[in-house]
Number of protein chains: 2
Amino acid sequence: MTVPHLTAVKCSECPIRHRAVCARCDTDELDRLESMKTYRSFAAGEAILWRGEPLEFVASIVSGVASLSKTLEDGRTQMVGLLLPSDFIGRPGRSEIEFDVTATSDVTLCCFDRKPFEKLVDETPHVAHRLMELALDELDSARDWMLLLGRKTAREKIATFIEMLVRRSDLRNAPNNHTTVLPMTRDQIANYLGLTLETVSRQFSALKKDGIIDFSDRKNLVVKNLFALHQETGDDSDGGVLA
Amino acid sequence: MTVPHLTAVKCSECPIRHRAVCARCDTDELDRLESMKTYRSFAAGEAILWRGEPLEFVASIVSGVASLSKTLEDGRTQMVGLLLPSDFIGRPGRSEIEFDVTATSDVTLCCFDRKPFEKLVDETPHVAHRLMELALDELDSARDWMLLLGRKTAREKIATFIEMLVRRSDLRNAPNNHTTVLPMTRDQIANYLGLTLETVSRQFSALKKDGIIDFSDRKNLVVKNLFALHQETGDDSDGGVLA
DNA sequence: CGCCTCTTTGACACGTGTCAACGACGGTGG
DNA sequence: CCACCGTCGTTGACACGTGTCAAAGAGGCG
């Protein structure tokens, strides 16, 4: 299975223009980025970068979902990050990365060669500042995930995961009719949540049996009761729904 | 129990001079920091900052250990970071934090009022750059911890924890005679590792029974066989000892 | 149509949490 | 100086959640 390398769109028309690393750039800065960038695409399941490999390029995710994962010697793996459109791969001043980056769905990246990009970062406070914000956002979500991994039950993990997906995907629908698409297989969800795929499957079934969610097929789910779902996450009772 | 607020030492004589946020500063920049800083001390167990509280100051840890933790509605808590000397509290552009910061041991901080410090960051690339590095280091260790929380067994978690302490504390001793001090109670270790305090205690006992570690008292432990300890961490077999 | 991957479900095992009792240590006050 | 008390740590018995192993169903693609 091959994926065509899409031709890059103009930065000014880019769907992630306002949230990616270029979010704060003025027109001149954008022109400079424009001249440096290349688009690359990866099919679902394909490796984007391997741990320890020298880092030739950095990139923003234009479309699709990528994951960061770490593996123990005996093969147990844990996802340590989920990258969505506008998220950034690679860091200034780091020549390699400490985890594998994999395309979870089909992915399109807006790539920059690392060395010239680092030069640009040094000369462009707007970009440096935005990179800092993106890193801090990742740090916050990593810490939320540590709480989930260390202290939540399987049911709470699944409920939290679904709630996160619903919040990010579909705010257009009427309340109590939230629908969303699972962007990954049961196995990948298990690796994200620190569970086995069997436990993931069982917890989905249990939430379905309790009337909180429903599946139209494997990937598409409807949250029938968002309040009840939130009650299952273990987080503050006021939290999400009313916020 | 009160802790005296130590008078600040000269930046040029500061023990964390070469690793903290000021690491890359030249003499002029250091003078400016010097004029802004205040020392504060906190006794073991004391709260330094509460989640959601407006962030009045940022700080570097001069001595002692502080922890970041998150709590679920029913009281389950998870440490999401351990701050050692030279680590930084607070972020540019964030007016509050999403976790509690607590003094684990007696702690001394080098504090700066947030607003003037942010101004300084904007005007001082050396500081901005160093802050970025510190954030990325934290992100890397958060991700290592996610792997531990999600996939390691209790014994692997304890072995990893001890190995981390030994690496950071005592490189002066001869091989196979590594000694270290546990900077926290069993309960705090449990919250760091996503375990219960009983499990922590049992795993310490098991490693002692297997001749891998030994205790002279509750806090002081000797690693009698560092290679065997590393074998218990679940990490790559080549990893630490030979590196 | 048949193969392959993904998913579901069941039976069972085992690691870790829970509950409880006891022991060790350190500080305080008589 | 010693007795007391509170905190912290250890150990045991048991329960329960989640992992493991196994089999079969569901859907997609050649």
Side-chain angles (χ1 to χ4, degrees), chain A residues 1-2 43-46 72 74-78 104-106 148-159 161 181-210 213-221 232 234, chain B residues 1-2 43-46 72 74-78 104-106 148-162 181-210 213-221 232 234:
Chain A
M1 174 161 53
T2 54
E46 227 178 315
L72 293 173
D74 62 4
R76 284 172 286 172
T77 84
Q78 174 66 52
T104 298
S105 63
D106 292 350
L148 176 143
L149 292 172
R151 291 304 185 195
K152 289 192 177 182
T153 65
R155 171 177 265 245
E156 289 169 341
K157 287 176 175 178
I158 295 287
F161 176 68
V181 179
L182 298 179
M184 53 219 304
T185 66
R186 302 291 185 271
D187 188 50
Q188 291 168 327
I189 296 170
N191 285 336
Y192 194 27
L193 298 175
L195 297 170
T196 59
L197 67 93
E198 293 94 332
T199 299
V200 170
S201 180
R202 274 189 257 268
Q203 295 300 334
F204 275 136
S205 299
L207 289 174
K208 182 179 172 183
K209 178 160 156 285
D210 293 343
I213 62 172
D214 205 0
F215 281 91
S216 55
D217 65 27
R218 294 177 179 186
K219 296 284 183 198
N220 291 286
L221 71 79
E232 301 292 344
Chain B
M1 173 161 52
T2 55
E46 225 178 316
L72 292 174
D74 61 3
R76 285 172 285 173
T77 85
Q78 174 66 53
T104 297
S105 64
D106 291 351
L148 176 144
L149 292 172
R151 292 304 186 196
K152 289 193 178 182
T153 65
R155 172 176 263 242
E156 289 169 341
K157 286 176 175 178
I158 295 287
T160 305
F161 176 69
I162 297 172
V181 179
L182 298 179
M184 53 221 304
T185 66
R186 301 290 185 272
D187 188 51
Q188 291 169 326
I189 296 171
N191 285 336
Y192 194 27
L193 299 176
L195 297 171
T196 60
L197 67 92
E198 293 94 333
T199 300
V200 170
S201 180
R202 274 188 258 267
Q203 295 300 334
F204 275 135
S205 300
L207 288 174
K208 181 179 173 183
K209 179 159 155 284
D210 294 344
I213 62 172
D214 205 0
F215 282 90
S216 55
D217 65 28
R218 294 178 179 187
K219 296 284 184 198
N220 291 286
L221 71 78
E232 300 292 344

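Quick note on labels: first sequence line is chain A, next is B, and so on, each numbered from 1.
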[X] [atom1] to [N] [atom2], straight-line distance once rounded to whole Å:
| X | N | atom1 | atom2 | answer |
| --- | --- | --- | --- | --- |
| I158(B) | dG15(C) | CD1 | P | 16 Å |
| R76(A) | dG19(D) | CZ | P | 12 Å |
| I213(B) | dT10(D) | CD1 | C1' | 14 Å |
| R151(A) | dT18(D) | CZ | P | 14 Å |
| D217(B) | dT10(D) | CG | C1' | 15 Å |
| L193(B) | dG15(C) | CG | C1' | 16 Å |
| K152(B) | dT18(D) | NZ | P | 22 Å |
| N191(B) | dT16(C) | CG | C1' | 15 Å |

Rounded to 10 degrees, the angle between the two terminal axes of the helix from dC1(C)-dG30(D) to dG30(C)-dC1(D), each from five pairs =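 The end-segment axes of the helix from dC1(C)-dG30(D) to dG30(C)-dC1(D) are tilted 30° relative to each other.
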How would you label the contact of G194(B) with the nucleic acid (heavy atoms, under 4.0 Å): base, sugar-phosphate, or nothing?
->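 If one applies the 4.0 Å heavy-atom cut-off, G194(B) turns out to touch the sugar-phosphate alone, with no base involved.
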First locate atom [atom1] of [X], then atom [atom2] of [Y], and finally report the distance between them rounded to the nearest 0.5 Å.
| X | Y | atom1 | atom2 | value |
| --- | --- | --- | --- | --- |
| L193(A) | L149(A) | CG | CG | 7.5 Å |
| D214(A) | N220(A) | CG | CG | 11.5 Å |
| L197(A) | R202(A) | CG | CZ | 9.5 Å |

Partner of I158(A) by side chain to side chain contact (heavy atoms under 4.5 Å, CB included), out of K152(A), E232(A), Q203(A) |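 That would be Q203(A).
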Please determine which of L195(B), L182(B), V200(B) meets the side chain to side chain contact (heavy atoms under 4.5 Å, CB included) test together with F161(B).
->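 Of all the options given, the one that passes is L182(B).
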Is the closest basic N to carboxylate O distance between D210(B) and R155(B) below 4.0 Å?
->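 Looking at D210(B) and R155(B), the cut-off is met.
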Check side chain to side chain contact (heavy atoms under 4.5 Å, CB included) between S105(B) and all other residues, then give those that pass, not counting sequence neighbours.
->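 Side chain to side chain contact (heavy atoms under 4.5 Å, CB included) check on S105(B) returns V65(B), V107(B).
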Distance-only side-chain donor-acceptor flag, R76(B) / N191(B), under 3.5 Å =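 Their side chains do not contain a donor-acceptor pair, so the 3.5 Å distance test is not met.
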Audit row: Y192(B), K157(B), side chain to side chain contact (heavy atoms under 4.5 Å, CB included) steps and yes/no = CA-CA 10 Å; Y192(B) 194 27; K157(B) 286 176 175 178; over 6 Å; no
Polar pairs (N or O, both sides) under 3.5 Å between protein and nucleotides 7-12 of chain C?
| residue | atom | partner | partner atom | Å |
| --- | --- | --- | --- | --- |
| dT7(C) | OP2 | R186(A) | N | 2.8 |
| dT8(C) | OP1 | R186(A) | NH2 | 3.3 |
| dT8(C) | OP2 | R186(A) | NE | 2.9 |
| dT8(C) | OP2 | S201(A) | OG | 2.7 |
| dT8(C) | O5' | S201(A) | OG | 3.1 |
| dT9(C) | OP2 | S205(A) | OG | 2.6 |
| dG10(C) | N7 | R202(A) | NH1 | 2.9 |
| dG10(C) | O6 | R202(A) | NH2 | 3.4 |

